[in-house]
J.: 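Got a structure here, written out as structure tokens. Questions coming.
Numbers restart at 1 for each chain; the letters A, B, ... are given by sequence-line order, proteins then strands.
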Number of protein chains: 2
Amino acid sequence: MTAPRKRNTWQREAVRTALADDDGFVSAQRLHATLRESGSPIGLATVYRALADLAVEGEADSLQSLDGESLYRACTPGQHHHHLICRNCGLTVEIEADAVERWAQSVAIEHGFTQPNHVVDVFGLCAECSVTNWPEPRPPV
Amino acid sequence: MTAPRKRNTWQREAVRTALADDDGFVSAQRLHATLRESGSPIGLATVYRALADLAVEGEADSLQSLDGESLYRACTPGQHHHHLICRNCGLTVEIEADAVERWAQSVAIEHGFTQPNHVVDVFGLCAECSVTNWPEPRPPV
DNA sequence: TATACTATTGATAACGAATCTCATTACCTC
DNA sequence: GAGGTAATGAGATTCGTTATCAATAGTATA
């Protein structure tokens, strides 16, 4: 039982492209809606599957939004990094932080933990959203 | 319209106690099951409400598990801290990290972001679980 | 190029966490 | 006590996500 080989379908490519076209983190639902609006007949389940695949292949980062839905974003592969995310518009900046990596590692070891992992993300309002300061959130991330 | 006064019910107290009795992060569902098993007739919706209240009052910390459910834990109130969490048994250690606080703040400002917030948690296997090294995860956190 | 094999797709059903509804209960003040 | 009203809880509802399964379409081979 060898691993089944992956096939190249226009659906996967469409998801990859749509994801790359977006600045910030998007939900599977929103990405599906965007694709449909642009004329693609792609199915919702397929979008979920494609995003999950991209995530395990390291082509996309994923995180849990505050209300529990999974958000995805195209990311520079093969490089560990964190995110600075705008709460309002979803604009995302990739950040590196060797110091934080080392800190996480050492604090785990210090307490006898092994195989450390970490979740480090910074949320805020980006420069533009800070100025505009909407009375209520606009494009929900 | 002044703020409605909170009432003390045995239900809220039961949730507070059950939460304090647990070492790590627990879901509302699990906490409800535990309470029912110990003979309490408390309702599920009430557990959800009580946990949400404890979280806003600062008596409990909450985080999103990897599969998107909210987990809660009794915590030392009024003090900002992060967590070192065992992926296997849920054992949690509170950790402080002024350096990380400062880093998050400065990286946000550096990129023009305001009102920074951050999510910083370290996951791993605690000393005990590292030794035992179960073939498959045991008490799901 | 034609054919067979099978991974992938997608409409829909199923699932599960969380919230809402609303009649009933019980906490608190007077 | 008695009245006002927040809190409760069983069940319905919402909503994101996953499972089902017949139909479709990549891919390899002849």
J.: Quick check on DNA chain C: between B:R49 and B:Q11, whose nearest nucleotide comes earlier from the 5' end?
T.: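 That would be B:R49.
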J.: Rounding to an integer number of Å, can you tell me how far B:E13 CD sits from C:dA26 C1'?
T.: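 Computing the B:E13:CD to C:dA26:C1' distance gives 17 Å.
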J.: Should the pair B:W103 and A:H82 be assigned to parallel (<30°), tilted (30 to 60°) or perpendicular (>60°) ring geometry?
T.: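 Ring orientation, 0 to 90° scale: perpendicular.
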J.: Quick one: A:L35 CG to C:dG10 C1', roughly how many Å, whole number?
T.: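 Rounded to whole Å, this separation is 14 Å.
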J.: How many angstroms lie between CG in B:D22 and CZ in B:R73, if you round to the nearest 0.5 Å?
T.: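 Interatomic distance, B:D22 CG to B:R73 CZ, rounded to 0.5 Å: 8.5 Å.
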J.: Scan A:I42 against the nucleic acid and name what it touches under 4.0 Å (heavy atoms): base, sugar-phosphate only, or nothing.
T.: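 If one applies the 4.0 Å heavy-atom cut-off, A:I42 turns out to touch the sugar-phosphate alone, with no base involved.
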J.: How many Å lie between CG on B:L51 and C1' on D:dG9, as a whole number?
T.: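 One finds 16 Å between C1' of D:dG9 and CG of B:L51, rounded.
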J.: From C-beta outward on B:W10, which listed nucleotide comes closest to its side chain: C:dG10, D:dT17, D:dG9?
T.: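 When the side chain of B:W10 is considered, D:dG9 is the closest of C:dG10, D:dT17, D:dG9.
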J.: Which heavy atom of A:A104 sits nearest a heavy atom of A:H118, and at what distance?
T.: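 For A:A104 and A:H118, the tightest heavy-atom pair comes out as CB-ND1, 3.7 Å.
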J.: Considering all heavy atoms of both residues, which atom of B:D121 and which atom of B:H83 are nearest to each other, and what is their separation?
T.: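 Scanning both residues, the minimum pair turns out to be OD1-N, 3.4 Å.
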J.: Can you tell me how far P of D:dT18 sits from CD of A:Q29, to the nearest Å?
T.: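 Those two atoms, CD and P, are 11 Å apart.
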J.: Need to verify one output field. Residue with the more 5' nearest nucleotide on DNA chain D, A:L44 or B:V47?
T.: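 Of the two residues, B:V47 wins.
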J.: With a 4.5 Å cut-off on side-chain heavy-atom distances among I, L, V, M, F, W and Y, is there a chain of contacts connecting B:L19 to B:V93?
T.: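 No, B:L19 does not connect to B:V93 through the hydrophobic network.
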J.: Check this for me: does the side-chain of A:R12 come within 3.5 Å of the base of C:dT8 through a donor and an acceptor?
T.: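 For A:R12, whose side chain was compared with the base of C:dT8, there is no donor-acceptor pair (under 3.5 Å).
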J.: Between atom OH in B:Y72 and atom P in C:dA17, what is the gap in whole Å?
T.: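 After rounding, the reported distance stands at 13 Å.
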J.: Just the rounded figure in Å: distance from P of D:dG16 to CD of B:E69.
T.: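 Checked: the CD to P distance equals 17 Å.
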J.: Between D:dT17, C:dA26, D:dA10, which one does the side chain of B:A45 approach most closely?
T.: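 Looking only at side-chain atoms, B:A45 lies closest to D:dA10.
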J.: Mapping A:K6 and B:T9 to their closest nucleotides on DNA chain C, which lands nearer the 5' end?
T.: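 Nearest nucleotide further toward 5': that of A:K6.
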J.: Counting only side-chain heavy atoms from C-beta out, which of D:dA10, D:dT8, D:dG16 sits nearest to B:T46?
T.: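 Closest of the options to the side chain of B:T46: D:dT8.
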J.: Please report, rounded to the nearest Å, how far the P atom of D:dA7 is from the CG atom of B:D53.
T.: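 In whole Å, D:dA7 P and B:D53 CG are 8 Å from each other.
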J.: Ignoring backbone atoms, establish whether A:S70 has a side-chain N or O less than 4.0 Å from OP1 or OP2 of D:dT17.
T.: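 The answer is yes; a side-chain N or O of A:S70 sits under 4.0 Å from OP1 or OP2.
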J.: For A:R7 and D:dA23, give me the distance from atom CZ to atom P, rounded to whole Å.
T.: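 Spelled out: CZ on A:R7 to P on D:dA23 is 18 Å.
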J.: Check this one for me: any side-chain N or O of A:Y48 less than 4.0 Å away from OP1 or OP2 of D:dT18?
T.: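 A:Y48 to D:dT18 OP1/OP2: no side-chain N or O under 4.0 Å.
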